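Please read all numbers here as calculations on a predicted model, not as lab measurements. In this chain, residues are counted from 1 in sequence order.
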Amino acid sequence: MFGRSTTDTEITEASYGPKNRRKGNDFHIGSLNVRSISDQSKAEAFDLLAVNSGCKVIALQETKRKEGEWILSSGAELICTRREAREGGLAFWIHKDWLDSLVETKRESDRISTASFDFHGSHLHVINVYAPTSAANETQSDKFYKDLKKVYTRLSKWDSSIIICGDFNAVVGCSSDDLPFVGGHGTGQRSDNGDRLVNFAFSSRVSILNTIYPKRPNRKWTWISPNGKTKNEIDFILTNRREIAVDCEVYCDYLNCSDHRLLRARFRSTAKKEKSRKFAKTKRAGGERSWDPVRFKNTITEMLTENPPTCYEELTESIRSAASTATHATHQLSRISEATKKMMMSRFQMIHAGQTKNADLAKINNEVRRSLENDLDKWREVKSLEAAVKGRSLKKTKRALTLKSSPFTNLERPDGSTTYNRPEIRKLVLTHFSNLYAATTREPRSRYTHPDEPEILQHEVEHAIVTSKTNISPGPDQITM
């Protein structure tokens with residue numbers, strides 16, 4: 001079929017281990033529709049493929065295996081969830097290094113299951129999905145995405161990292177209108193299930209990683225037809241943490257029992273980054289809110305006078321309603337105006353669509369730069385006025401609003417030419433200041449080194465008087481020798 005197959009005869013104890021051992025904080029999460037690993041020989045063949053791929057967790061679909069947990073030859077654990085129908089079945093393959101971090105696995109439905117891990121003091125949730133095919137009716141597809149949305153909403157807390165992977169049976173395609181959650185590197189013509197997947201990505205604010213990273217066509221498709229003529233990209237990996245995603249591609253090794261290929265995404269994060277994110281100051285969704293006690297008092301008095309509560313529930317509801325009326329959002333001035341944000345987004349879309357020439361791009365960059373400068377000037381003016389009204393230090397306010405100085409990018413050589421090379425710039429600066437502060441002349445050394453010792457000693461004066469001539473004429477004081 002394609003790639004290099006993994007057979008049962010290749011499974012030996014020495015063959016286990018990732019082909020490329022990566023250092024650092026990178027880890028891989030994968031997804032594969034295995035079609036069937038009902039017997040142990042197929043499970044061991046997949047175990048060899050999984051270890052060689054370097055993945056730490058792989059979400060499996062259509063396992064057709066009974067519920068249970070199995071330790072495989074590599075030390076990894078295969079956890080299969082309960083399934084109602086004869087077909088289907090979901091499972092997680094978890095590397096032995098991540099077994100201690102596993103918190104729980106849970107079956108959400110026949111088509112959705114979750115695995116939770118302790119991730120640098122926070123939570124990492126991997127959601128395994130198997131969506132209905134295009135032949136299914138719309139009711140089943142809508143119910144699947146409704147259940148997926150419900151699971152995602154329950155798991156998406158402020159410190160949670162969520163990765164959704166599986167066989168979505170959808171073709172997303174490529175469109176510049178779906179940025180930023182859908183990239184411009186998808187394949188195929190978008191299907192109805194693809195529209196549902198894109199709508200879910202936008203409503204949940206998750207990124208479809210397959211469409212973000214450019215790859216060769218051979219590293220994009222995840223499913224091939226039995227006759228080998230049709231290839232589609234129907235398996236996807238999504239995440240709410242776009243900033244820790246590094247890459248997403250197809251692993252070209254395959255199983256003989258499956259017509260899918262392993263899809264894996266690479267992530268990079270550190271304990272320091274997760275800790276800073278965990279304790280970062282969160283912003284209120286609706287901005288800052290202010291409280292009006294007078295309005296609350298008038299509202300609650302009016303409500304209790306017109307409709308006196310007859311039970312405790314009505315009283316609490318009246319208090320909540322009055323509190324909601326007395327609380328209103330405070331308008332927060334943004335540092336960057338909406339017009340500038342729209343201009344930057346249009347530039348981003350034009351660049352990714354490949355519709356921009358160098359001259360046009362330079363013109364757009366100049367417009368964005370000028371608009372940003374105007375916005376920052378207005379921002380400084382407003383903040384300075386607020387500080388003056390509240391009696392704060394204008395000097396500290398001005399220092400806080402000053403843009404940080406950026407390092408210079410070029411420097412003039414002694415011969416008058418200009419260099420842009422960073423090592424050469426550092427060398428020129430070092431030479432300049434070394435010559436500036438270096439001693440070029442030798443200071444004369446004094447005969448007398450003691451600070452309290454006079455320049456002329458008493459015995460030197462006496463010796464000069466004794467050895468002088470006797471016929472020296474007297475001075476103004478008429479004293480002779």
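- Between the NE2 atom in His125 and the OG atom in Ser116 there is a gap of 4.5 Å [rounded to 0.5 Å].
- By the 30° and 60° cut-offs, the orientation of the rings of Phe433 relative to Tyr437 is parallel.
- At least one side-chain heavy atom of Ile319 sits less than 4.5 Å from a side-chain heavy atom of Ile300.
- A salt bridge links Arg380 with Asp377: at least one charged nitrogen is closer than 4.0 Å to a carboxylate oxygen.
- Nearest heavy-atom pair, Thr133 versus Asn169, reported as atom, atom and distance to 0.1 Å: CG2-ND2, 3.7 Å.
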> Can you check side chain to side chain donor-acceptor pair (under 3.5 Å) on His123 and Asp118, steps first, answer last?
Replying inline: CA-CA 5 Å; His123 298 90; Asp118 184 9; over 6 Å; no
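- With Lys215 as the partner, the side-chain hydrogen bond (donor to acceptor under 3.5 Å, both in side chains) test is satisfied by one option alone out of Thr187, Asp247, Asn210: Asp247.
- Remark: side-chain polar atoms of Thr211 are not paired, donor with acceptor, to backbone N or O of Gly186 under 3.5 angstrom.
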> Can you check side-chain contact (heavy atoms from CB on, under 4.5 Å) on Arg347 and Asn365, steps first, answer last?
Replying inline: CA-CA 8 Å; Arg347 179 181 63 174; Asn365 289 337; 2.9 Å; yes
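- At least one donor-acceptor pair closer than 3.5 Å links the side chain of Glu314 to the backbone N or O of Thr310.
- Atom CG of Asp235 is separated from atom CG of Leu263 by 6.5 Å, given to the nearest 0.5 angstrom.
- A distance-only check finds no donor-acceptor pair linking the side chain of Ser113 to the backbone of Ser109 [under 3.5 Å].
- Between the Ser371 side chain and the Val368 main chain, no donor and acceptor come within less than 3.5 Å of each other.
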>> Before you tell me yes or no, could you show the steps for Gln61 and Ser31 under side-chain contact (heavy atoms from CB on, under 4.5 Å), namely the whole-Å CA-CA distance, both residues' side-chain angles and the distance that decides it to 0.1 Å?
In response: CA-CA 8 Å; Gln61 303 86 41; Ser31 174; 3.4 Å; yes
> Can Asp192 and Arg196 be said to form a salt bridge (charged side-chain N to carboxylate O under 4.0 Å, His left out), step by step?
Replying inline: CA-CA 7 Å; Asp192 294 338; Arg196 293 186 178 92; 5.5 Å; no
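- The CZ atom of Arg111 sits 9.5 Å away from atom CG of Asp167, with the distance rounded to the nearest 0.5 Å.
- Between Val103 and Phe117, the closest heavy-atom pair is CG2-C, 3.9 Å.
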>> Using side chain to side chain donor-acceptor pair (under 3.5 Å), reason through Arg369 and Asn366 one step at a time and then give a plain yes or no.
In response: CA-CA 5 Å; Arg369 191 179 300 111; Asn366 291 332; 2.8 Å; yes
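- Looking only at distances, no side-chain donor or acceptor of Asn307 sits under 3.5 Å from a matching main-chain atom of Met303.
- A heavy-atom distance below 4.5 Å is found between the side chains of Arg205 and Phe181.
- Across every non-hydrogen atom of Ala131 and Phe168, the tightest pair is CB-O, 3.3 Å.
- Put simply, CG on Leu90 and CD1 on Ile127 are 12.0 Å apart, with the number rounded to the nearest 0.5 Å.
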> Which is it for Asp97 and Lys56 under the salt bridge (charged side-chain N to carboxylate O under 4.0 Å, His left out) test, yes or no, and what are the steps along the way?
Replying inline: CA-CA 8 Å; Asp97 295 341; Lys56 297 301 182 183; 3.5 Å; yes
>> Run the ring pair (Phe, Tyr, Trp, His ring centres under 6.0 Å) test on Phe267 and Phe119 for me, step by step, so that the C-alpha distance in whole Å, both residues' side-chain angles and the decisive distance to 0.1 Å come before the verdict.
In response: CA-CA 12 Å; Phe267 300 89; Phe119 184 61; 8.9 Å; no
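- Proximity of a side-chain donor or acceptor of Tyr152 to a complementary backbone N or O of Ser204 within less than 3.5 Å is detected.
- Under the 3.5 Å distance criterion, the side-chain polar atoms of Arg190 are left unmatched by any main-chain donor or acceptor of Gly173.
- The environment of NZ in Lys341 is crowded: more than 12 heavy-atom neighbours from other residues, nucleotides or ligands sit within 6.0 Å.
- A cation-pi arrangement is found for Lys383 relative to Trp379, the charged atom lying closer than 6.0 Å to the ring centre and inside a 45° cone about the ring normal.
- With hydrogens and angles ignored, the 3.5 Å screen pairs a side-chain donor or acceptor of Lys149 with a backbone N or O of Ser203.
- Here the closest non-hydrogen pair linking Lys220 and Tyr213 is NZ-O, 3.8 Å.
- When all heavy atoms of Ala170 and Phe236 are compared, the pair lying nearest together is O-CE1, 3.1 Å.
- Within the 4.5 Å cutoff, the side chain of Ile162 has heavy atoms near those of the Ser156 side chain.
- By the 6.0 Å and 45° rule, Arg261 does not stack over the aromatic ring of Trp223.
- A salt bridge is defined here as a Lys NZ or Arg NE, NH1 or NH2 lying under 4.0 Å from an Asp or Glu carboxylate O, and Glu424 with Arg413 meets this definition.
- No more than 12 heavy atoms of other residues, nucleotides or ligands sit less than 6.0 Å from atom CD of Gln189.
- Put simply, the side chain of Thr340 reaches to within 4.5 Å of the side chain of Leu372, judged on heavy atoms.
- Distance check: Leu60 CG to Asn33 CG gives 9.0 Å after rounding to the nearest 0.5 Å.
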> For Val172 and Glu233, what are the C-alpha separation, side-chain angles and deciding distance, and is it a side-chain contact (heavy atoms from CB on, under 4.5 Å)?
Replying inline: CA-CA 8 Å; Val172 172; Glu233 185 181 20; over 6 Å; no
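- Atom CD of Glu381 has 12 or fewer neighbouring heavy atoms from other residues, nucleotides or ligands inside a 6.0 Å radius.
- Within the 4.5 Å cutoff, the side chain of Tyr251 has heavy atoms near those of the Asn52 side chain.
- With respect to Lys297 and Glu302, no salt bridge is recorded, no charged nitrogen being found less than 4.0 Å from a carboxylate O.
- Side-chain atoms of Ser207 never come within 3.5 Å of backbone atoms of Leu209 as a donor-acceptor pair (strictly under, hydrogens ignored).
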> Are Ile112 and Phe144 close enough, and set up right, to give a side-chain contact (heavy atoms from CB on, under 4.5 Å), and what steps lead you there?
Replying inline: CA-CA 9 Å; Ile112 303 174; Phe144 165 77; 3.9 Å; yes
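- Ring-plane geometry between Phe200 and Tyr145 is classed as tilted, the angle between the planes lying from 30 to 60 degrees on a 0 to 90 degree scale.
- At distances below 3.5 Å, at least one donor-acceptor pair connects side-chain atoms of Thr239 with backbone N or O atoms of Arg241.
- No option in Ile237, Ile163, Ile58 other than Ile163 meets the side-chain contact (heavy atoms from CB on, under 4.5 Å) test with Ile29.
- Ala91 and Thr63 make their closest contact through CB-CG2, 3.6 Å (heavy atoms, listed as atom of the first residue, atom of the second, distance).
- Counted within 6.0 Å of CZ on Arg154, heavy atoms from surrounding residues, nucleotides or ligands total more than 12; the atom is thus considered enclosed.
- Within the model, atoms NZ of Lys106 and CG of Leu155 stand 8.0 Å from one another, a figure rounded to the nearest 0.5 Å.
- Val57 has its side chain out of reach of Leu124: every pair of non-hydrogen atoms, C-beta onward, lies at least 4.5 Å apart.
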> Is there a side chain to side chain donor-acceptor pair (under 3.5 Å) between Ser74 and Asp47 once you walk through the steps?
Replying inline: CA-CA 7 Å; Ser74 65; Asp47 185 43; 2.9 Å; yes
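- At a threshold of 4.5 Å between non-hydrogen side-chain atoms, the residues Asn193 and Leu197 do not count as touching.
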